[in-house]
Amino acid sequence: MTSMKIRRTALAVAAAALLPFSLAACSDSDSGSKAAPSSAADDEAKTGATPTEDAMTGDQPFGPACSGVPKEGAGSFDGMAKDPVATAASHNPALSTLVTAVKKAGLVDTLNNAQNITVFAPTNEAFAKIPKADLDKVLADKATLTKILTYHVVGQKLTPKQLENGSFETLQKGMVTTSGSGESYKVNDTTSVVCGNVRTANANVYIVDTVLMPK
């Protein structure tokens, strides 16, 4: 009897001694299983917080003709951004024919005073595609010239994203269509943007390789 009591007492003591370790082990196991989802959630949160779309802001001018824009001074991108659009264009050598046309049409103040517009600006080479006799005739006809030039102006600032598949009313009341992506865009299916997303104080400018004609 005494031997049995001693054995039972020893088992009880052993059990009492092992119980805290068992509980601690269970507790560690539970906390470990709970910590895993937390860690996974943290990883997911970190992954979800990655601003993939913000990495491409699209704020810079783009296109092959942009390399011909002066690097500094009033005709540079920084310089043009400080002036209203007609004044800004007058500082860009590639747009001298357009500036002459704007002056002949009496549209300098109209363009400079407008707010939040987009101008599709033909280069000198674009005007050179028009036979000289025809161009001289248009430049001498203020009504026709105004109609053509205001067809190049949209009454809102257009981003490259909006040009991907767009249709916009111009100040002339006609419509222009745009298409493309990345750094390649077309206006009315045939005219190419050769230097896009140029900022002026009151306008976004897309320099194009062909004069747009109202339909």
Side-chain angles (χ1 to χ4, degrees), residues 61 63-66 68-70 74-77 79-158 162-163 166-180 185-215:
C66 290
V69 174
S76 67
F77 291 129
M80 291 179 71
K82 298 174 183 177
D83 291 321
V85 64
T87 301
S90 70
H91 297 308
N92 189 321
L95 301 177
S96 59
T97 305
L98 172 62
V99 172
T100 296
V102 168
K103 289 178 178 178
K104 285 183 175 292
L107 292 174
V108 172
D109 289 341
T110 299
L111 293 178
N112 276 348
N113 293 328
Q115 295 299 315
N116 300 321
I117 59 175
T118 293
V119 176
F120 294 102
T123 62
N124 294 343
E125 289 76 9
F127 281 100
K129 293 179 181 180
I130 302 172
K132 187 177 185 306
D134 293 340
L135 180 59
D136 289 343
K137 184 177 179 180
V138 169
L139 291 174
D141 185 342
K142 186 175 180 178
T144 300
L145 185 58
T146 298
K147 183 178 179 181
I148 292 172
L149 292 177
T150 53
Y151 183 66
H152 289 73
V153 183
V154 173
Q156 59 178 304
K157 283 187 176 181
L158 300 177
Q162 289 175 286
L163 298 188
S167 180
F168 309 99
E169 185 178 68
T170 69
L171 297 191
Q172 181 266 337
K173 301 303 181 184
M175 301 295 294
V176 293
T177 60
T178 58
S179 59
Y185 295 92
K186 295 279 190 182
V187 183
N188 290 350
D189 295 326
T190 56
T191 299
S192 296
V193 174
V194 293
C195 184
N197 207 31
V198 178
R199 308 295 180 87
T200 73
N202 67 328
N204 286 352
V205 177
Y206 293 88
I207 300 175
V208 295
D209 67 352
T210 306
V211 176
L212 305 174
M213 291 296 179
K215 297 177 182 180

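No hydrogens, no waters, no symmetry mates; every other heavy atom, side chains included, goes into these values.
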Trainee: Work out which heavy atom in M175 is nearest to a heavy atom in S167; give both atom names and the distance.
Mentor: CE-OG, 3.3 Å
Trainee: Using every non-hydrogen atom in the two residues, find where T177 and D189 come nearest and quote the distance to one decimal.
Mentor: OG1-N, 4.5 Å
Trainee: Is there a side-chain contact between Y185 and T178 (heavy atoms, below 4.5 Å)?
Mentor: no
Trainee: Closest approach of G75 and P70, non-hydrogen atoms and distance?
Mentor: O-CD, 3.5 Å
Trainee: Keeping to residues at least two apart or across chains, list the side chain to side chain donor-acceptor pair (under 3.5 Å) pairs with something in residues 80-108.
Mentor: T87-N112, S96-N124, T97-N124
Trainee: Atom CZ of F120 and atom CG of N204: how far apart are they, to the nearest 0.5 Å?
Mentor: 10.0 Å
Trainee: State which residue, out of T191, V194, N188, fulfils the side-chain contact (heavy atoms from CB on, under 4.5 Å) condition with V208.
Mentor: T191
Trainee: Is there a donor-acceptor contact under 3.5 Å from the side chain of N202 to the main chain of V85?
Mentor: yes
Trainee: Who are the side chain to side chain donor-acceptor pair (under 3.5 Å) partners of T210, not counting sequence neighbours?
Mentor: K129
Trainee: What is the minimum heavy-atom distance between A101 and L139, and which atoms define it?
Mentor: CB-CD2, 3.8 Å
Trainee: Under 3.5 Å, is there a donor-acceptor pair between the S192 and K186 side chains?
Mentor: yes
Trainee: For a side-chain contact (heavy atoms from CB on, under 4.5 Å) check, start with the C-alpha distance between L135 and K137, then their side-chain angles and the critical distance, and finish with the verdict.
Mentor: CA-CA 5 Å; L135 180 59; K137 184 177 179 180; over 6 Å; no
Trainee: CG of L212 to OG1 of T190: how many Å apart, nearest 0.5 Å?
Mentor: 8.0 Å
Trainee: For L98 versus A121, what's the shortest heavy-atom pair and its separation?
Mentor: CD2-CB, 3.6 Å
Trainee: Stepwise, does the side-chain contact (heavy atoms from CB on, under 4.5 Å) test hold for I148 with M213?
Mentor: CA-CA 6 Å; I148 292 172; M213 291 296 179; 3.9 Å; yes
Trainee: Do any N or O atoms from the side chain of T118 and from the backbone of Q156 form a donor-acceptor pair under 3.5 angstrom?
Mentor: yes
Trainee: Can you confirm whether V198 sits close enough to Y206 that some side-chain heavy atom of one is under 4.5 Å from a side-chain heavy atom of the other?
Mentor: no
Trainee: Side chains of V193 and V187: closer than 4.5 Å at any heavy-atom pair?
Mentor: yes
Trainee: Flag the pair L149 / L171 as yes when at least one side-chain heavy-atom distance between them is below 4.5 Å, and no otherwise.
Mentor: no
Trainee: Answer yes or no: is there a side-chain heavy-atom contact under 4.5 Å between H152 and V176?
Mentor: no
Trainee: For a quick test of reading the model, state the closest non-hydrogen atom pair linking Y151 to Q172 and the distance between them.
Mentor: CD1-OE1, 3.3 Å
